[in-house]
S.K.: 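One structure follows; several queries about it will come next.
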There are 2 protein chains.
Amino acid sequence: MSVTEALVTRNVTYSAEVLSRGGLAAKGTQKVAVVACMDSRLDVFAALGLTPGEAHVIRNAGGLVTEDTIRSLAISQRLMGTEEIILIHHTGCGMLSFTDDELCSALEAETGARPAWAPGSFTDLADSVRQSIARIKASPFIPRTDAVRGFVLNLATGRLEEVDTVEA
Amino acid sequence: MSVTEALVTRNVTYSAEVLSRGGLAAKGTQKVAVVACMDSRLDVFAALGLTPGEAHVIRNAGGLVTEDTIRSLAISQRLMGTEEIILIHHTGCGMLSFTDDELCSALEAETGARPAWAPGSFTDLADSVRQSIARIKASPFIPRTDAVRGFVLNLATGRLEEVDTVEA
């Protein structure tokens with residue numbers, strides 16, 4: 001059985017539970033958008049104690065603020081009213097384990113094409129969080145940038161450690 | 001108290017639980033990557049019965065396959081060994097409630113600038129899923145495209161309904 005098939009089977013149990021509480025249709029307060037890494041060990045709902053309806057969750061390789069993250073955040077704030085942003089990187093991130101040039105060269109060798117996108121690898125978690133915060137603040141399309149905070153989730157403890165963003 | 005502060009407080013409870021099970025550092029099988037909408041009602045871990053270490057989770061406004069999604073999927077498959085992809089859109093998606101031109105014109109009127117990105121609104125959930133699957137299959141950078149399946153999560157029931165992708 002494929003993993004996908006196994007997960008679809010688990011969804012039947014979830015569905016029974018959702019039906020017992022009358023569905024998920026009601027939106028909550030939705031005042032915050034979370035931008036986090038796609039890492040398989042990071043359960044954003046669990047780590048923040050979220051309940052359905054509370055927060056938009058945007059995730060990608062690294063938890064970076066890319067152009068697509070700006071698109072999602074612009075929609076989140078302008079059309080759906082969120083006001084705060086939480087960025088989450090984490091210890092042991094795969095993005096620390098290669099360089100952009102290594103991946104691009106491997107892709108080019110295998111496919112004959114070099115990607116138009118930068119892979120986004122980084123060498124320092126806190127610096128990457130600070131760069132992502134700077135990208136949000138630099139975008140004209142994100143109206144609320146006064147409540148943007150960045151964290152590194154320590155996988156050994158599950159604890160969110162805030163990144164110091166005070167400028168030197 | 002800001003919502004962010006409340007969520008950081010809830011993280012303390014999560015951390016105690018993570019510590020009691022020895023941390024999150026162990027990676028699991030990681031054979032699947034999930035691409036889902038950022039919607040606040042969608043708890044991907046719960047909906048698929050995921051445990052930490054099982055699946056990469058990529059999320060954005062709409063659950064679309066954008067260039068940044070291709071970046072994340074390429075890293076997921078080539079560097080971290082995932083082989084299957086699950087796409088999840090959902091009923092009542094906000095992306096059905098506006099047009100790209102409406103949002104771009106509003107942004108331009110307010111900021112003086114028109115975004116370089118397309119907002120990605122759509123009018124049909126199944127069509128959008130099919131378009132996202134087609135983008136994955138068209139990318140030279142995603143090596144495994146034989147196990148890509150698309151679903152619409154019904155928010156009334158919590159049930160994943162598979163999108164028919166058989167070509168006409």
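Order of the sequence lines fixes the chain letters, A, B, ..., with proteins taken first and strands second; residue numbering starts at 1 for each chain.
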S.K.: Identify which part of B:Arg21 has an atom lying under 4.5 Å from any heavy atom of chain A, answering side chain, backbone, both or neither.
M.R.: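 For B:Arg21, there is no contact with chain A at all, as no heavy atom is under 4.5 Å.
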
S.K.: Among B:Ile70, B:Ile85, B:Ile58, B:Thr69, who wins on heavy-atom pairs under 4.5 Å with chain A?
M.R.: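 Going by pairs under 4.5 Å, I would pick B:Ile58.
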
S.K.: Sort B:Glu83 into side chain, backbone, both or neither according to what part of it lies under 4.5 angstrom from a heavy atom of chain A.
M.R.: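 Neither part, no heavy atoms under 4.5 Å.
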
S.K.: Flag the one option from A:Lys31, A:Arg41, A:Met95, A:Glu17 with the top tally of heavy-atom pairs under 4.5 Å to chain B.
M.R.: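 Most heavy-atom pairs within the cutoff with chain B belong to A:Arg41.
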
S.K.: With clusters built from Ile, Leu, Val, Met, Phe, Trp and Tyr whose side-chain heavy atoms come within less than 4.5 Å, directly or transitively, what are the remaining members of the cluster of B:Leu50, listed by chain and number?
M.R.: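 A:Val3, A:Leu7, A:Val8, A:Tyr14, A:Val18, A:Leu24, B:Val32, B:Val34, B:Leu42, B:Val44, B:Phe45, B:Leu48, B:Val57, B:Ile86, B:Ile88, B:Phe151, B:Leu153, B:Leu155, B:Leu160, which link up through side-chain heavy atoms under 4.5 Å apart, make up the rest of the cluster.
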
S.K.: I'd like to know if the side chain of B:Ser15 and the backbone of A:Thr157 have a donor-acceptor N/O pair within less than 3.5 Å.
M.R.: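 Side chain of B:Ser15 to backbone of A:Thr157, a donor-acceptor pair under 3.5 Å: yes, one is there.
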
S.K.: Determine the option with the most heavy-atom pairs under 4.5 angstrom with chain A, choosing from B:Ala118, B:Gly49, B:Ala116, B:Gly22.
M.R.: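 Heavy-atom pair counts peak at B:Gly49.
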
S.K.: Name the option with the most non-hydrogen atom pairs under 4.5 Å to chain B; the candidates are A:Val35, A:Asp39, A:Leu79.
M.R.: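 Heavy-atom pairs under 4.5 Å are most numerous for A:Leu79.
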
S.K.: Does B:Arg59 use its side chain to pair, donor to acceptor, with the backbone of A:Arg59 at less than 3.5 Å?
M.R.: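 Side chain of B:Arg59 to backbone of A:Arg59: no pair is present.
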
S.K.: I need the full list of salt bridge (charged side-chain N to carboxylate O under 4.0 Å, His left out) pairs touching residues 44-56 of chain B, with sequence neighbours left out, sorted by first then second residue.
M.R.: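 Counting only pairs at least two positions apart or across chains, the salt bridge (charged side-chain N to carboxylate O under 4.0 Å, His left out) contacts touching residues 44-56 of chain B are A:Arg10-B:Glu54.
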
S.K.: For B:Ala55, is it the side chain, the backbone, both, or neither that has a heavy atom closer than 4.5 Å to a heavy atom of chain A?
M.R.: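 The answer is the backbone of B:Ala55.
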
S.K.: Are side-chain heavy atoms of A:Arg149 and B:Glu5 found at a separation under 4.5 Å?
M.R.: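 Yes; the side chains approach each other to less than 4.5 Å.
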
S.K.: Taking side chain as everything from C-beta outward and backbone as N, CA, C, O, which of these in B:Ala6 sits under 4.5 Å from a heavy atom of chain A? Side chain, backbone, both or neither.
M.R.: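 Answer is neither: B:Ala6 stays 4.5 Å or more from chain A.
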
S.K.: What part of A:Thr111 is in contact with chain B, defined as an atom under 4.5 angstrom from a non-hydrogen atom: side chain, backbone, both or neither?
M.R.: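 A:Thr111 touches chain B through side-chain heavy atoms alone.
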
S.K.: Quick one: does A:Asn11's side chain have a donor or acceptor within less than 3.5 Å of a partner on B:Ala47's backbone?
M.R.: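 Answer holds: yes.
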
S.K.: Of the listed residues (B:Gly92, B:Pro143, B:Ala46), which shares the most heavy-atom pairs with chain A below a 4.5 Å separation?
M.R.: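 Highest number of heavy-atom pairs under 4.5 Å: B:Ala46.
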
S.K.: Have B:Asn60 and A:Ser72 got a donor and an acceptor in their side chains that come within less than 3.5 Å?
M.R.: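 Result is no, nothing qualifies.
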
S.K.: Can you tell which of A:Ile75, A:Leu19, A:Asp43 has the highest number of heavy-atom pairs within less than 4.5 Å of chain B?
M.R.: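 When all of A:Ile75, A:Leu19, A:Asp43 are compared, A:Asp43 has the most.
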
S.K.: For the residue pair A:Ser76 and A:His56, confirm or rule out a side-chain donor-acceptor distance under 3.5 Å.
M.R.: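 Checked: A:Ser76/A:His56 side chains pair up, N/O donor to acceptor below 3.5 Å.
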
S.K.: Can you tell me which of B:Gly158, B:Gly23, B:Ser40 forms the most heavy-atom pairs within a distance under 4.5 Å of chain A?
M.R.: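 Looking at each option in turn, the highest pair count goes to B:Ser40.
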
S.K.: Name the option with the most non-hydrogen atom pairs under 4.5 Å to chain A; the candidates are B:Gln30, B:Glu84, B:Met80, B:Arg78.
M.R.: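 The candidate making the most pairs under 4.5 Å is B:Glu84.
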
S.K.: Can you tell which of B:Glu67, B:Glu162, B:His90 has the highest number of heavy-atom pairs within less than 4.5 Å of chain A?
M.R.: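 Among B:Glu67, B:Glu162, B:His90, the one with the most close pairs to chain A is B:Glu67.
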
S.K.: Given that the side chain runs from C-beta out, which part of B:Ala156 has a heavy atom under 4.5 Å from chain A: side chain, backbone, both or neither?
M.R.: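 Answer is backbone: N, CA, C or O of B:Ala156 sit under 4.5 Å from chain A.
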
S.K.: Pick one of side chain, backbone, both or neither for A:Thr66, based on which atoms fall under 4.5 Å of a heavy atom in chain B.
M.R.: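 For A:Thr66, the contact with chain B is made by the side chain alone.
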
S.K.: Does B:Leu64 offer a backbone N or O that forms a donor-acceptor pair with the side chain of B:Arg135 under 3.5 Å?
M.R.: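 Here the side-chain-to-backbone pair does not exist.
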
S.K.: Could you please spell out the steps behind the salt bridge (charged side-chain N to carboxylate O under 4.0 Å, His left out) verdict for A:Arg114 and A:Asp101?
M.R.: CA-CA 10 Å; A:Arg114 206 170 170 90; A:Asp101 191 57; 2.9 Å; yes

